[in-house]
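Since the structure comes first, as structure tokens, the remarks are kept for the end.
Positions are given from 1 along the sequence.
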Amino acid sequence: MTGYASQPTTRVFGIDPGLTRCGLGIVEGVPGRPPAMVAVGVVRTNADQHIADRLLAIEEEIERWLTEYRPDAVAVERVFSQHNVRTVMGTAQAGAVAIVCAARRGLPVALHTPSEVKAAVTGSGRADKEQVTVMVMRLLRMTDRPRPADAADALALAICHLWRAPALKARRTALNAGPMSVGPMSAGPVAAAPVVGGTA
């Protein structure tokens with residue numbers, strides 16, 4: 001019997017925001033153990049549509065998933081870029097829709113950077129999309145590749161949050177306890193990802 005076995009199963013809804021393709025992925029499990037996939041998909045909108053209609057379509061699909069799968073938490077990719085401002089704006093708008101949908105239902109929302117997600121899933125914050133997809137498939141024991149890449153990224157976000165949630169919760173508790181009880185700001189240790197195939 002391990003410490004993980006006594007923890008309740010958590011269901012996390014990962015959302016990789018985007019206007020043209022918004023990745024959706026739900027996993028459940030406990031920190032430190034390979035999770036199970038619940039659902040994966042993508043919301044597509046047409047670039048010819050008005051921005052309001054595109055955001056509404058994303059909102060409606062996210063709401064449908066929240067109703068059908070009833071996650072315990074929502075993880076959204078933190079948007080940042082120094083290059084294509086137009087693309088970033090659309091991505092940020094889609095991400096905001098996801099955050100509002102979760103907040104409306106009182107669900108906790110976490111934002112994770114791409115490097116945090118890559119590090120949690122592959123062990124390297126510089127992993128490429130192919131490496132992330134392969135590890136997602138391995139961890140979730142998937143035989144078919146999740147397509148498009150946005151779907152794999154959404155699953156990776158959900159896995160990342162599932163494993164990082166205990167450390168994030170502990171950090172928030174320490175911060176809320178007052179400045180005398182905490183040292184320098186740092187993410188702190190997170191639950192170790194399980195070794196799946198190959199060597200560590």
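- Both Val132 and Met135 are members of a single hydrophobic cluster when ILVMFWY side chains are connected at heavy-atom separations under 4.5 Å.
- Residue pairs that meet the ring-ring contact (aromatic ring centres under 6.0 Å, His included) test with at least one member in residues 116-139, sequence neighbours left out, do not exist here.
- When every heavy atom of Ala57 is checked against every heavy atom of Thr45, the shortest pair comes out as CB-CG2, 4.1 Å.
- In this structure, Cys22 SG and Glu59 CD are separated by 12.0 Å, a value rounded to the nearest 0.5 Å.
- In terms of heavy-atom proximity, Pro35 sits nearest to Ile159 at CG-CG1, 3.9 Å.
- If you take CZ on Arg44 and CG on Asp150, they are separated by 8.0 Å, rounding to the nearest 0.5 Å.
- In terms of heavy atoms, Ala36 sits closest to Leu140 at C-CD2, 4.0 Å.
- Nearest heavy atom pair, residue Arg21 against residue Pro148, reads CD-CG, 3.7 Å.
- Note that CD of Glu116 and CD of Glu77 are 10.5 Å apart. Values are rounded to the nearest 0.5 Å.
- Residues passing the side chain to side chain contact (heavy atoms under 4.5 Å, CB included) test with Ser115, sequence neighbours excluded: Thr113.
- Ile62 forms part of a hydrophobic cluster together with Phe13, Ile15, Leu19, Leu24, Ile26, Val38, Val43, Ile51, Leu55, Ile58, Trp65, Leu66, Tyr69, Val74, Val76, Val97, Ile99, Leu107, Val109, Leu111, judged by ILVMFWY side-chain heavy-atom separations under 4.5 Å.
- Note that CD of Glu60 is 11.0 Å distant from CZ of Arg64, once rounded to the nearest 0.5 Å.
- Sequence neighbours left out, the pairs with a member in residues 8-18 that pass side chain to side chain donor-acceptor pair (under 3.5 Å) are Arg11-Glu28.
- Residues Leu157 and His161 are not in side-chain contact: their nearest non-hydrogen atoms beyond the backbone lie 4.5 Å or more apart.
- Residues passing the side chain to side chain contact (heavy atoms under 4.5 Å, CB included) test with Thr133 are Met137, Arg145, Pro146, Ala152, sequence neighbours excluded.
- One finds a salt bridge joining Glu63 and Arg104 here, because a Lys/Arg side-chain nitrogen approaches an Asp/Glu carboxylate oxygen to under 4.0 Å.
- Annotation for Arg105: atom CZ counts as buried by contact number, over 12 foreign heavy atoms lying within 6.0 Å.
- Looking at Trp163, its side chain never comes within 3.5 Å of a backbone N or O of Ala158 through a donor-acceptor pair.
- Nearest approach of Gly29 to Leu162, heavy atoms of both residues: O-CD1, 3.5 Å.
- Arg54 CZ to Asn46 CG: the interatomic distance, rounded to the nearest 0.5 Å, is 7.0 Å.
- For Gln131, the side chain to side chain contact (heavy atoms under 4.5 Å, CB included) partners at least two apart in sequence or on another chain are Ala127, Asp128.
- Going from atom CE of Met37 over to atom CE of Met142 covers 4.5 Å, rounded to the nearest 0.5 Å.
- Closest approach of Thr91 and Pro17 over heavy atoms only: CG2-O, 3.3 Å.
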